[in-house]
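Positions are given from 1, in the same order as the sequence printed here. Heavy atoms only: backbone and side chains are in, while hydrogens, waters and symmetry mates are out.
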Amino acid sequence: MTTPHGPGGAVVYRLARPEDAGAIEALDSSFTTPTVFEVDASGDGWGFLLREVPVDPPLYKVFPPEEHGEQGCAGARGPDVDADTRTFVALDGGELCGFAALGYAAWNRRLTIEDIAVAPGHRGRGIGSALMERAADFARERGAEHLWLEVSSVNAPAVHAYRRMGFTLCGLDTDLYGGTPSAGERALFMSRPCR
């Protein structure tokens, strides 16, 4: 399927193939942001306040390869290998410019966006939204009730993009990134219905 919003014309979306694995791993998912979200816990540990605050200088973040995607190239071998995983790619002029790795869990009817990224030069053109709509189509195909994802509190551009796509905050984890290069960041969980 193609969508006319790339610099060279139409962006092509398809299931990932084994030969896409290297390009997916090499995709630049770094970002720069002038704001981050801070999470403050209440004194009794039962409440949290989330607020967006400016950072000066702007924060530039590069994800280490091991953080870029534990799901990797799920479903890249084709739809018959695992009915509950998929990876969709976006190609502009034959160049991989984005992907979304997905996993469905039947027990809670949740489609998890394991990883989604759009190369910096292709952002702001609707590619992330188009990938998310492919995720929603797959979710409906599997019978999922909602889409779910996790995003770092410092990735304010992604949080805003997900909100524009209809996601809302549904939880957080203040310790998820402990012992990793992202220690100190907070995990924000977001979901949206897919029916």
(message) Please give me the minimum heavy-atom distance between M190 and V151, naming the atom from each residue.
(response) SD-CG1, 4.0 Å

(request) May I ask you to test the L172-L50 pair for a side-chain heavy-atom distance under 4.5 Å? (result) no

(request) List the steps and the verdict of side chain to side chain contact (heavy atoms under 4.5 Å, CB included) for M132 and Y162. (result) CA-CA 9 Å; M132 196 64 77; Y162 298 143; 4.0 Å; yes

(request) Check the surroundings of atom CZ in R163: do more than 12 heavy atoms from other residues, nucleotides or ligands lie under 6.0 Å from it? (result) no

(message) Less than 4.5 Å apart, side chain to side chain, heavy atoms only: is that true for E133 and M165?
(response) no

(request) Drop me the distance from D173's CG to E150's CD, to the nearest 0.5 angstrom. (result) 8.5 Å

(message) Checking R140 against D137 for the salt bridge (Lys or Arg N to Asp or Glu O under 4.0 Å) test, could you report, in this order, the C-alpha distance in whole Å, the side-chain angles of both residues, the deciding distance, and whether it holds?
(response) CA-CA 5 Å; R140 286 186 286 273; D137 290 344; 2.7 Å; yes

(message) Checking the side chain of S129 only, and the main-chain atoms of G126 only, is there a donor and an acceptor separated by less than 3.5 Å?
(response) no

(message) Any side-chain to backbone donor/acceptor pair from T33 onto T35? Under 3.5 Å, distance only.
(response) yes

(request) To the nearest 0.5 Å, tell me how far L147 CG sits from S191 OG. (result) 8.5 Å

(message) How close do A83 and F138 get, counting heavy atoms only, and between which atoms?
(response) O-CZ, 3.5 Å

(message) So, taking the atom named CH2 in W148 and the one named CG in L102, what distance separates them when rounded to the nearest 0.5 Å?
(response) 13.5 Å

(message) Ignoring hydrogens, what is the shortest heavy-atom contact between P120 and S30? Give both atom names and the distance.
(response) CG-O, 4.3 Å

(request) Can you measure from CZ (F99) to CD (E25) and round to the nearest 0.5 angstrom? (result) 8.0 Å

(request) Apply the side-chain contact (heavy atoms from CB on, under 4.5 Å) test between V89 and each candidate in D20, V12, L27, L131; give the one that qualifies. (result) D20

(request) Please determine, by modelled atom types, if S182 and K61 share a side-chain donor-acceptor pair under 3.5 angstrom. (result) yes

(message) Aromatic contact between F37 and H160, with the criterion being ring centroids under 6.0 Å apart: yes or no?
(response) yes

(message) In this structure, would L49 and V53 fall into the same cluster of hydrophobic residues linked by side-chain contacts under 4.5 Å?
(response) no

(message) Checking one residue: Y60. Which other hydrophobic residues are in its cluster under the side-chain 4.5 Å linking rule?
(response) V62

(request) Report the C-alpha separation of L15 and T87 in whole Å, then their side-chain angles, then the decisive distance to 0.1 Å, and conclude whether the side chain to side chain contact (heavy atoms under 4.5 Å, CB included) test is met. (result) CA-CA 6 Å; L15 284 173; T87 297; over 6 Å; no

(request) Looking only at non-hydrogen atoms, find the nearest pair between V159 and S152 and report the distance. (result) CG2-O, 4.4 Å

(message) Within this structure, what is the CZ-CG distance for the pair R142 and D84, rounded to the nearest 0.5 Å?
(response) 4.5 Å

(message) Show the nearest heavy-atom pair for residues I116 and G128, with the distance to one decimal.
(response) CD1-O, 3.9 Å

(message) Is there a side-chain contact between I127 and C97 in this structure, where contact means two heavy atoms from C-beta onward sitting under 4.5 Å apart?
(response) yes

(message) What I'd like to find out is whether the side chain of D40 reaches to under 4.5 Å of the side chain of F48, using heavy atoms alone.
(response) no

(message) Donor-acceptor check, side chain of R51 to backbone of E38, threshold 3.5 angstrom: yes or no?
(response) no

(message) With rounding to the nearest 0.5 angstrom, report the CG to CD distance, L96 to E19.
(response) 11.0 Å

(message) I'd like to know if the side chain of R86 and the backbone of A135 have a donor-acceptor N/O pair within less than 3.5 Å.
(response) no

(request) Please report the shortest heavy-atom distance between Y13 and R134, naming the atom on each side. (result) CB-NE, 3.1 Å

